[in-house]
Colleague: 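Take a look at the following structure, please.
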Amino acid sequence: MLTYLLIIITLYLAGNAYIFIRAKQALKVKSLGVKIFLTVLFWICALSFFGTMLTRNLEMPVFISHSMYTIGTSWLIFTLYMALFLLLFDILKLFKVVYKYRFYLSLVFTLGLLGCGVYNYHHPETNVVSILTNKRYEDTPQAIKIVAISDVHLGNGTGKAALKKYVEMINAQHPDLILISGDLIDNSVVPLYTENMAEELANLKAPMGIYMVLGNHEYISGIDESIRYIKSTQIQLLRDSVVTLPNGIQLIGRDDRHNRKRHSLQELMVNIDKSKPIILLDHQPFDLEKTEAAGIDLQFSGHTHHGQIWPINWVTDYIFEQSHGYRQWGNSHVYVSSGLSLWGPPFRIGTHSEMVIFNFQ
């Protein structure tokens with residue numbers, strides 16, 4: 001893991017050095033004062049990501065923390081696309097295809113993509129899936145409406161204003177049940193207390209309850225602090241545990257893979273009645289053949305973000321046997337959400353944020 005992290009940091013710094021060199025060649029600024037100012041400004045932006053990560057647990061005014069986080073994480077994506085466009089023009093130059101103003105064209109294309117990414121992020125999709133199990137309910141035979149979300153990443157990126165919109169969007173569906181498949185919290189619980197986000201979470205409404213499992217970011221944020229925060233809300237945390245709803249639906253919540261001692265699915269299935277509906281929440285969508293073998297009716301996962309931006313979605317498609325969307329495995333239905341919000345930079349390029357509605361029967 002450390003090796004991969006060092007490789008990513010090296011590529012990021014190399015990409016910024018490449019952009020900086022091309023910027024110097026394109027701008028041709030003569031004033032020493034302006035050169036120094038632009039150089040300092042560039043490297044402040046380039047290194048701001050490290051700053052925002054190092055200060056994530058510090059209490060500070062909301063405007064400052066949000067601004068630092070947005071600039072720091074956005075520069076990651078700016079670096080990726082700016083370097084790719086500049087590299088494309090340099091490759092074309094090798095084949096005698098030369099464009100004037102290559103740097104400025106790269107900048108315009110990059111900013112255009114980021115603009116589209118911001119729009120996509122702020123307009124999440126609502127995807128409806130009908131799940132038919134043909135299993136008996138104790139109280140009612142009709143379908144129940146489940147709103148399922150994952151990867152909200154509340155913190156300096158997704159603040160209280162965004163959470164308010166999400167809560168209104170969820171409540172507008174009048175769900176019977178709300179499921180959250182991990183990563184409700186981003187990198188620290190501090191911003192959640194600073195903005196009193198529990199006030200908005202208290203407005204979620206579902207007569208059958210709101211249930212959640214842990215994701216890897218609850219561990220990144222400090223597992224004890226994350227659990228303490230979740231338990232202070234109306235959300236019911238399932239951590240390697242099972243709950244049976246009044247109508248007979250059995251909810252299984254697995255701890256995240258960060259916990260190497262988490263129970264196996266086989267252990268959690270010991271006291272399950274397979275004649276009644278079974279829903280599994282597991283943040284990371286691995287080992288889906290075990291879901292099918294266990295007789296799970298519906299598994300809901302997140303974690304992948306479907307890569308969040310192109311071409312990272314190619315990477316998640318390679319890593320995960322199902323990186324996004326709906327698929328049926330035998331008699332088991334599996335949905336992997338791209339996430340209602342996202343981690344870090346506020347862009348969706350080649351992917352979409354989403355809320356999932358299950359008509360479950």
Side-chain angles (χ1 to χ4, degrees), residues 1 56-57 146-158 163 166 170 177-193 197-198 200-202 204 206 209-243 245 250-269 278-288 290-291 294 296 298-305 308 316 319-320 323 334-344 355-356:
M1 184 67 183
R56 63 196 174 106
N57 288 316
I146 302 172
V147 168
I149 61 172
S150 75
D151 301 276
V152 185
H153 289 274
L154 296 177
N156 287 323
T158 304
L163 175 59
Y166 292 149
I170 292 167
L177 177 67
I178 297 173
L179 301 178
I180 305 171
S181 188
D183 282 4
L184 177 68
I185 302 168
D186 190 26
N187 295 318
S188 172
V189 297
V190 172
L192 281 70
Y193 286 113
M197 295 193 203
E200 290 301 331
L201 291 172
L204 286 169
I210 305 163
Y211 293 90
M212 171 186 166
V213 292
L214 299 169
N216 57 304
H217 274 260
E218 273 76 41
Y219 279 88
I220 291 170
S221 301
I223 189 60
D224 293 334
E225 293 83 358
S226 295
I227 290 174
R228 190 178 302 115
Y229 182 85
I230 294 163
K231 287 186 174 180
S232 72
T233 72
Q234 63 170 327
I235 298 169
Q236 300 181 62
L237 180 63
L238 298 179
R239 192 181 188 195
D240 278 345
S241 55
V242 180
V243 65
L245 301 179
Q250 299 160 104
L251 271 180
I252 303 174
R254 295 196 72 185
D255 200 350
D256 187 67
R257 286 164 60 94
H258 259 65
N259 180 4
R260 297 182 181 276
K261 296 181 180 179
R262 72 172 182 163
H263 293 343
S264 68
L265 182 55
Q266 186 177 9
E267 289 173 314
L268 291 169
M269 290 289 295
I278 309 165
I279 298 176
L280 171 65
L281 293 179
D282 192 354
H283 179 62
Q284 302 189 41
F286 287 103
D287 303 321
L288 297 180
K290 294 181 180 179
T291 295
I296 301 296
L298 170 64
Q299 174 174 332
F300 181 66
S301 298
H303 181 65
T304 70
H305 294 215
Q308 196 163 309
T316 57
I319 293 174
F320 297 94
S323 69
V334 177
Y335 198 102
V336 180
S337 173
S338 61
L340 181 56
S341 187
L342 37 70
W343 173 88
M355 174 178 71
V356 185

Colleague: Apply salt bridge (charged side-chain N to carboxylate O under 4.0 Å, His left out) to Asp255 and list each qualifying residue two or more places apart in sequence or on a separate chain.
Modeller: Arg239

Colleague: How long is the straight-line distance from CG of Asp151 back to OG of Ser337, given to the nearest 0.5 Å?
Modeller: 6.5 Å

Colleague: Is there side-chain contact between Tyr166 and Thr158, with at least one heavy-atom pair below 4.5 Å?
Modeller: yes

Colleague: Taking Ser264's backbone N and O only, do any of them form a donor-acceptor pair with Glu267's side chain (distance below 3.5 Å, no angle check)?
Modeller: yes

Colleague: Is there a donor-acceptor contact under 3.5 Å from the side chain of Thr233 to the main chain of Ile230?
Modeller: yes

Colleague: Within the 4.5 Å heavy-atom criterion, are Asp287 and Arg257 side-chain neighbours or not?
Modeller: yes

Colleague: Taking the side chain as C-beta and beyond, is there a heavy-atom pair between Asp186 and Asn156 under 4.5 Å?
Modeller: no

Colleague: Among all residues two or more places apart in sequence or in another chain, which pass the ring pair (Phe, Tyr, Trp, His ring centres under 6.0 Å) test with Tyr229?
Modeller: Tyr193

Colleague: So Ile252 and Leu281, side-chain contact (heavy atoms from CB on, under 4.5 Å) or not? Walk me through it.
Modeller: CA-CA 6 Å; Ile252 303 174; Leu281 293 179; over 6 Å; no

Colleague: Out of curiosity, Ser341 OG to Leu154 CG, how far, rounded to the nearest 0.5 Å?
Modeller: 8.0 Å

Colleague: Could you measure the distance from the CG atom of Leu179 to the CG atom of Leu251? Nearest 0.5 Å is fine.
Modeller: 6.0 Å

Colleague: Among all residues two or more places apart in sequence or in another chain, which pass the ring pair (Phe, Tyr, Trp, His ring centres under 6.0 Å) test with His258?
Modeller: Tyr219

Colleague: In this structure, which one of Leu177, Ile178, Ile235 forms a side-chain contact (heavy atoms from CB on, under 4.5 Å) with Tyr211?
Modeller: Leu177

Colleague: The criterion is side chain to side chain donor-acceptor pair (under 3.5 Å); which residues satisfy it with Gln266, sequence neighbours excluded?
Modeller: none

Colleague: Spell out, as yes or no, whether a donor-acceptor pair under 3.5 Å connects the side chain of Ser221 to the backbone of Val189.
Modeller: no

Colleague: Can you measure from CD (Gln299) to CD1 (Ile278) and round to the nearest 0.5 angstrom?
Modeller: 12.5 Å

Colleague: Would you sort out whether Met355 and Val147 count as a side-chain contact (heavy atoms from CB on, under 4.5 Å), showing the intermediate values?
Modeller: CA-CA 7 Å; Met355 174 178 71; Val147 168; 3.8 Å; yes

Colleague: According to salt bridge (charged side-chain N to carboxylate O under 4.0 Å, His left out), who are the partners of Asp282, at least two apart in sequence or on a separate chain?
Modeller: Arg254, Arg262

Colleague: Do you know the tightest heavy-atom contact between Phe320 and His303?
Modeller: CZ-CD2, 3.7 Å

Colleague: Would you give the length of the straight line joining atom CG of Asp240 to atom NZ of Lys261, rounded to the nearest 0.5 angstrom?
Modeller: 13.0 Å

Colleague: In the structure I gave you, are the side-chain heavy atoms of Leu237 and Ile227 within less than 4.5 Å of one another anywhere?
Modeller: yes

Colleague: Quick one, Asn187 with Trp343, criterion side-chain contact (heavy atoms from CB on, under 4.5 Å). Give me CA distance, side-chain angles, the key distance, then yes/no.
Modeller: CA-CA 9 Å; Asn187 295 318; Trp343 173 88; 3.6 Å; yes

Colleague: Just by distance, do the side chain of Ser181 and the backbone of Ser150 share a donor-acceptor pair under 3.5 Å?
Modeller: no

Colleague: Carefully, step by step, assess Ile210 and Ile180 under the rule side-chain contact (heavy atoms from CB on, under 4.5 Å).
Modeller: CA-CA 8 Å; Ile210 305 163; Ile180 305 171; 4.1 Å; yes

Colleague: Is there a donor-acceptor contact under 3.5 Å linking the side chains of Gln284 and Asn216?
Modeller: no

Colleague: Hey, does the side chain of Gln250 reach the backbone of Leu280 with a donor-acceptor pair shorter than 3.5 angstrom?
Modeller: no

Colleague: Using every non-hydrogen atom in the two residues, find where Leu265 and Lys290 come nearest and quote the distance to one decimal.
Modeller: CD2-O, 3.7 Å

Colleague: Determine the minimum heavy-atom distance between Pro285 and Gly302, stating which atoms define it.
Modeller: CD-O, 3.5 Å

Colleague: NE2/His153 to CG/Leu342 distance, rounded to the nearest 0.5 angstrom?
Modeller: 7.5 Å

Colleague: Output yes when a side-chain donor or acceptor of Glu218 lies under 3.5 Å from a complementary backbone atom of Ser226, and no otherwise.
Modeller: no

Colleague: Do the side-chain N and O atoms of His283 and His217 include a donor-acceptor pair separated by under 3.5 angstrom?
Modeller: no

Colleague: Which heavy-atom pair separates Val213 from Gly253 by the least distance, and what is that distance?
Modeller: CG1-CA, 3.4 Å

Colleague: Applying side chain to side chain donor-acceptor pair (under 3.5 Å), can you list everything that pairs with Ser188, at least two apart in sequence or on another chain?
Modeller: Asn57

